[in-house]
Number of protein chains: 2
Amino acid sequence: MPKSASSVEKVDTSYLESLLGYNARRAALAVIEVFLQRMAQYDLRPVDFSVLSLVTHNPGITSRQLCTTLGILPPNLVGMINALEKRELIERRPHPRDGRAMGIHLTPSGEKLMRDAERTAAELEAEVASRLTAAEGRILIRLLKKVYL
Amino acid sequence: MPKSASSVEKVDTSYLESLLGYNARRAALAVIEVFLQRMAQYDLRPVDFSVLSLVTHNPGITSRQLCTTLGILPPNLVGMINALEKRELIERRPHPRDGRAMGIHLTPSGEKLMRDAERTAAELEAEVASRLTAAEGRILIRLLKKVYL
DNA sequence: TATTGTTATACTCTATAACTATA
DNA sequence: TATAGTTATAGAGTATAACAATA
């Protein structure tokens, strides 16, 4: 067959699928896609959920702490925090010991939203994890942590 | 302690770390970060490597097949293909049976680059996977595939 | 009528520099 | 001098609509 006449019937992805990074990215995108759909009812993107979840479990957390924990650059967090404050889901209070910083807290409606959103997240996790056994799910998370921690 | 005076000593991330999506995303980002550093010597981003790797193992693959396989939208692939062609790493040849399509092939210098780049990728994989045992690495990839396939 | 490849374009995400107020 | 928060802005990544050529 001449060089110019070759074509591909079925794409061979076996090499890419042997790479950890490729598989981790594909799995992350698959989970995030479901996440996006289910969280749309709360008008929360994954990053909004992560921020609100950290505020939920760390009342008084500062912007700086959110940035460090989630790997967000400070200029990019400002807009998110402003939007969440405008929606009256969070409020900023003066930090007790650092006049430069503001402690971030959930409002009552923020608390209600996050109770619902975290319940939805739990359902979503259970659903995605249903493709695995309970033991496999625990192993998977443990191994992922070994990779990035 | 009054409401306004609370603050966070150490951020509690245990809830987020219980979520599969959060862990998969963090692991993917960690691997991709190393990938970016090591592939910089070839001036290849992860997506360029993925494209060239598919062309390597599927000579004559079309743009449409690349898009479908990698989840890239056609308008966003055009620039990448043009850039790789300008660097003389790939070339477009007429498709043998479809006058609309072009088959994509590696040039000799593209073949040389990919031999080196895939060797580097293998070293990188071994290094990231060194945080896990060989068995754990195989299990991790198997479980990740169960999540997204 | 549907598909491949393409252009133009808009939107989101991420990154850098520089400023202010406070430590 | 260093840090928390902010503004402005640039760049990369991702999205939709519409078109020409071919099936």
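Here is the naming used below: chain letters follow the sequence lines, and residue numbers restart at 1 for every chain.
- Between the P atom of D:dT3 and the NE2 atom of A:His95 lies a distance of 16 Å, rounded to the nearest Å.
- Proximity of B:Leu89 to B:Val55: side-chain heavy atoms (C-beta onward) are nowhere separated by under 4.5 Å.
- No donor-acceptor distance shorter than 3.5 angstrom exists from the side chain of A:Tyr42 to the backbone of A:Met114, with no hydrogens or angles considered.
- With hydrogens and angles disregarded, no donor-acceptor distance shorter than 3.5 Å links the side chain of A:Glu85 to the backbone of A:Asn82.
- Between A:Arg45 and C:dC13 there is a side-chain N or O to OP1 or OP2 distance below 4.0 Å.
- One finds a side-chain N or O of B:Arg92 lying less than 4.0 angstrom from the OP1 or OP2 phosphate oxygen of C:dT6.
- Atom CD1 of B:Ile104 sits about 11.0 Å away from atom CG of B:Asn58, to the nearest 0.5 Å.
- For the pair A:Ile90 CD1 and D:dG5 P, the computed distance is 12 Å after rounding to whole Å.
- The distance between atom CG of B:Asp98 and atom P of C:dG5, rounded to the nearest whole Å, is 8 Å.
- Here A:Arg64 reaches the OP1 or OP2 of D:dA4: one of its side-chain N or O atoms lies under 4.0 Å away.
- A straight line from CD of B:Gln65 to C1' of C:dG5 spans 14 Å, rounded to a whole angstrom.
- Atom CG of B:Leu70 is separated from atom C1' of D:dT14 by 15 Å (rounded to the nearest Å).
- Not one N or O on the side chain of A:Thr68 forms a donor-acceptor pair closer than 3.5 Å with the backbone of A:Gln65.
- When the P atom of D:dT3 is taken as reference, atom CZ of A:Arg97 falls 18 Å away, rounded to whole Å.
- A:Ser130 places a side-chain N or O within donor-acceptor distance of the main-chain N or O of A:Glu127, the cut-off being under 3.5 Å.
- Distances were taken from every side-chain heavy atom of B:Thr62 (C-beta onward) to each of C:dA2, D:dA4, C:dG5; the shortest belongs to C:dG5.
- Remark: side-chain polar atoms of A:Glu88 are not paired, donor with acceptor, to backbone N or O of A:Ser109 under 3.5 angstrom.
- Within residues 72-85 of chain B, the residues approaching DNA chain C are B:Pro74, B:Pro75, B:Val78, by heavy-atom distance under 4.0 Å.
- Of the candidate nucleotides D:dT3, C:dG5, D:dT6, D:dT6 has the atom nearest to the side chain of A:Ser63.
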